Amino acid sequence: MTVPLRLSVRHTSSADEAGLPFQIALAVPSDLGLVEQVVDLVARHSLAAGLPPRRVRFHLRTALAEALANAMRYGNRLDQARKVSVRVEFAVEAIHLHVADEGDGFDPARVPDPTAPDRIGADGGRGLFLIRSLVDGLEFNQKGNALCMTLRRT
Amino acid sequence: MTVPLRLSVRHTSSADEAGLPFQIALAVPSDLGLVEQVVDLVARHSLAAGLPPRRVRFHLRTALAEALANAMRYGNRLDQARKVSVRVEFAVEAIHLHVADEGDGFDPARVPDPTAPDRIGADGGRGLFLIRSLVDGLEFNQKGNALCMTLRRT
Amino acid sequence: MSFSVRRDAKGVMVIGVDGQLIVGNRHELKSQVTEALERGERKFLVDFTKTGYIDSSGLGVLVSLSKRIRESGGELRLAGLNDDLKTLFELTKLDTLFAVSDTAEEALAAF
Amino acid sequence: MSFSVRRDAKGVMVIGVDGQLIVGNRHELKSQVTEALERGERKFLVDFTKTGYIDSSGLGVLVSLSKRIRESGGELRLAGLNDDLKTLFELTKLDTLFAVSDTAEEALAAF
Ligand SMILES: Nc1ncnc2c1ncn2[C@@H]1O[C@H](COP(=O)(O)OP(=O)(O)O)[C@@H](O)[C@H]1O
Ligand SMILES: Nc1ncnc2c1ncn2[C@@H]1O[C@H](COP(=O)(O)OP(=O)(O)O)[C@@H](O)[C@H]1O
């Protein structure tokens, strides 16, 4: 006789599921071929942590892919020996995606708006703009080699 | 013009899914009512990380519940201000479950075998024995207030 | 998790463990059985058909209840153990201590 | 992820993006289209019906390919964008730059 695996159907415990903050961490070699895998991994665990599928499928995946690519390319200059550190904090109300590289950082305030009329047709320059558009909060460290993207759970 | 009617390009990344080690960490107040939630959380993410369901459903859940209960009861004496730190490393071949408390530790070698004839009917004393029976590797730190349980992925 | 309790036609208290039987809820099972004993009940069946996992505290509570029930002249049977739970009872040699039936029906017939 | 390429009866190269179009695989799309241009193909349809997500590198490659195709006197159409991808094109105002159809059929009819 086998009992189907049913996890967390009902709780009578002292705090509910979302009330247990935890974090996921990984260190990723600077290989652009790994971006998709890291995004998949974080997306899968975000779904397991109860984030709404659309937030994960669109906002989280796109913003995280951008942040990883920038950290690998501009921060770590695709040097595979340099790692991108990814830490995802699952808090009660939101998740915080921390992405840090081993580079010199930059000043995000100096990145121009890619939707300005003379830039719409440019080949690049949309990464940071997309991150800003898709997340609910974005913070950089002083140096500019680490960012934290906040996505509300709802 | 000879053009192949249908051509597919499969992308192969430089490492496969299980090849991206990561870890999950949380700090749990010493409340026995939280054991089930923590076990559910770790189980859910272990399934998301591709561990075989039976390993998760039985071996992981039982062993982790034991280790958490011991850390809360004997290590932290159910003082909710003291935390049990849980860290799960998802490596390529195995997962490592680290459980540490803020207590004084103990000497696991001095815990008697609960299956000895005079002990089978005892009310307690089976926790450590079950952990040992269910995991593929068990290590304690010197002090005895932190353990690491290894479960192979297969 | 939760427990379901019903009294069958033969006067057996049938307790179903839905979910886990672990350190966090074992006292609930203990008080269910203790109160029933005080009310005069003597036949108990714990049905694990809907049980996820049991930890050593859960096993401990079963051992201590079986003693109390025996001391009161009562009878305890277990049923519905899946393969994992059977392994658990075998590892701890508790399979030698309990009357275990495959199904609740078989257990009820044995009272 | 992978790309599927077929040539339809009207001579349109239909490229399906199965999975993601991101920094890790955008070069594959680029070389598919560049080689087709060199072979003399001029009509291109990129079908996103089976696409998961697109990052800014993926958008960048579409912009640069649209320029190349236009310079060669060719035509590029996009189709099959789901709501998320539509939002992406709207946010970046790239919806004003591309000829976008709801379905591949509509796009093919428009060539
Ligand atoms: N992690 C980083 N380290 C250093 N510079 C960065 C980093 N992320 C972004 N940048 C800088 O910001 C610029 C804009 O980035 P982005 O908006 O993502 O567009 P794109 O990647 O297409 O240039 C980059 O060209 C780069 O100079
Ligand atoms: N984290 C811990 N800190 C201190 N002592 C511990 C810890 N874990 C186990 N012990 C000791 O080991 C003994 C055996 O534990 P265990 O085998 O789990 O059975 P039980 O919990 O039923 O006593 C406990 O009674 C306790 O004295």
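Chain letters run A, B, ... following the sequence lines, proteins first, then strands; residues in each count from 1. All figures in this text were calculated on a predicted structure; none of them were measured in a lab.
Put simply, the residue from Leu60(A), Leu64(A), Val39(A) that forms a side-chain contact (heavy atoms from CB on, under 4.5 Å) with Tyr53(D) is Val39(A).
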(request) With side-chain contact (heavy atoms from CB on, under 4.5 Å) as the test, would you mind laying out the steps for Val63(D) and Arg126(A) before giving the verdict? (result) CA-CA 12 Å; Val63(D) 170; Arg126(A) 295 179 187 84; 3.7 Å; yes

(message) One pair to check against side-chain contact (heavy atoms from CB on, under 4.5 Å): Leu130(A) and Asp55(D). What are the steps and the verdict?
(response) CA-CA 8 Å; Leu130(A) 275 183; Asp55(D) 69 3; 5.9 Å; no

(request) Any chance you could lay out the salt bridge (Lys or Arg N to Asp or Glu O under 4.0 Å) test for Lys67(D) and Asp123(A), step after step, and finish with the verdict? (result) CA-CA 10 Å; Lys67(D) 283 185 233 166; Asp123(A) 286 0; 2.8 Å; yes

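Counting heavy atoms from C-beta outward, Ser133(A) and Glu90(D) have side chains that stay 4.5 Å or more apart. Two residues are said to be in side-chain contact when any heavy atoms from C-beta on lie closer than 4.5 Å; Phe58(A) and Asp83(D) fail this criterion.
Within a 6.0 Å sphere centred on CD of Glu106(D), other residues, nucleotides and ligands contribute more than 12 heavy atoms. Other residues, nucleotides and ligands place more than 12 heavy atoms under 6.0 Å from the NZ atom of Lys86(D). Atom CZ of Arg54(A) has more than 12 heavy atoms from other residues, nucleotides or ligands within 6.0 Å. The number of heavy-atom neighbours closer than 6.0 Å to CG of Asp104(A), taken from other residues, nucleotides and ligands shown, is 12 or below. For Lys93(D), the NZ atom counts as loosely surrounded, since its 6.0 Å shell holds 12 or fewer non-hydrogen atoms of other residues, nucleotides or ligands.
Interface residue Leu134(A): only side-chain heavy atoms are found under 4.5 Å from chain D. For a residue to count as touching a neighbouring chain, one of its non-hydrogen atoms must lie under 4.5 Å from one of that chain's; by this rule Leu91(D) touches chain A with backbone and side chain alike. In this structure, the portion of Ala122(A) lying under 4.5 Å from any heavy atom of chain D is its backbone and not its side chain. Using a 4.5 Å cut-off between heavy atoms, Ile54(D) contacts chain A through its backbone alone, with no side-chain atom that close. Neither the backbone nor the side chain of Arg119(A) has a heavy atom closer than 4.5 Å to any heavy atom of chain D.
Panel note: side chain Glu66(A), backbone Ser56(D); a donor-acceptor pair is recorded below 3.5 Å.
Residue Ile120(A) holds its CD1 atom at 8.5 Å from OG1 of Thr92(D), rounded to the nearest 0.5 Å.
Here the closest heavy-atom approach between residue Leu97(D) and residue Gly121(A) is recorded as CD2-CA, 4.0 Å.
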